[in-house]
J.: 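After the structure tokens below, expect a handful of questions from me.
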Amino acid sequence: YNILYDRFYNELEKLFNEDDYGKPLDEIQAQFITDGVMCALERWLLSHSNMTADEFIEKLRSLVVRLIIAIHKKHSSNE
């Protein structure tokens, strides 16, 4: 379990540090978002929920979209 967790964590951290969408996240930002995703994943796996992997990923995706929209609205109103 720890080996899988560490590997997945490292891969996520690398993904969040890629420079595909502007300035890459710094180390603290990448760790923060990676920790959040890993905690959600661990909680989902340990909950023995009937939620499928596709449903779980969709929930994470929709949360990210909501955050992006909220951030965009805030920055748009500040201009």
Side-chain angles (χ1 to χ4, degrees):
Y1 170 79
N2 286 336
I3 293 170
L4 177 61
Y5 183 92
D6 290 344
R7 170 132 186 194
F8 192 60
Y9 186 96
N10 290 334
E11 291 301 317
L12 271 177
E13 196 170 24
K14 280 191 259 179
L15 174 69
F16 292 129
N17 257 331
E18 288 181 359
D19 194 12
D20 293 338
Y21 304 102
K23 184 179 167 192
L25 301 176
D26 64 29
E27 184 178 354
I28 290 176
Q29 292 170 320
Q31 288 173 350
F32 179 81
I33 194 72
T34 302
D35 287 346
V37 170
M38 292 304 293
C39 287
L41 178 62
E42 183 175 20
R43 181 172 291 153
W44 171 64
L45 289 172
L46 293 174
S47 73
H48 304 292
S49 168
N50 289 332
M51 186 186 322
T52 66
D54 288 339
E55 291 170 326
F56 176 77
I57 295 300
E58 177 57 27
K59 286 186 180 291
L60 286 180
R61 187 201 64 78
S62 67
L63 175 62
V64 169
V65 168
R66 288 177 68 178
L67 289 170
I68 290 168
I69 291 169
I71 291 167
H72 177 69
K73 283 182 182 178
K74 180 176 175 151
H75 286 286
S76 295
S77 66
N78 288 340
E79 292 177 2

J.: OG1 of Thr52 to CD of Glu58: how many Å apart, nearest 0.5 Å?
T.: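 Result: 10.0 Å between the selected atoms.
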J.: State whether the number of non-hydrogen atoms from other residues, nucleotides or ligands found under 6.0 Å of Leu67 atom CG is greater than 12.
T.: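 Yes, because the 6.0 Å sphere around CG of Leu67 holds more than 12 heavy atoms from other groups.
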J.: Would a single hydrophobic cluster contain both Trp44 and Leu63, if residues Ile, Leu, Val, Met, Phe, Trp and Tyr are joined by side-chain heavy-atom contacts under 4.5 Å?
T.: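 Different clusters.
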J.: If Ile, Leu, Val, Met, Phe, Trp and Tyr residues are connected whenever their side-chain heavy atoms lie under 4.5 Å apart, and connections chain through other members, are Val37 and Ile57 in the same group?
T.: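 Yes, because Val37 and Ile57 connect within a single hydrophobic cluster, where side-chain heavy atoms sit under 4.5 Å apart.
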J.: Linking I/L/V/M/F/W/Y whenever their side-chain heavy atoms sit closer than 4.5 Å, directly or via other members, would Met38 and Met51 fall into one cluster?
T.: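 Shared cluster, yes.
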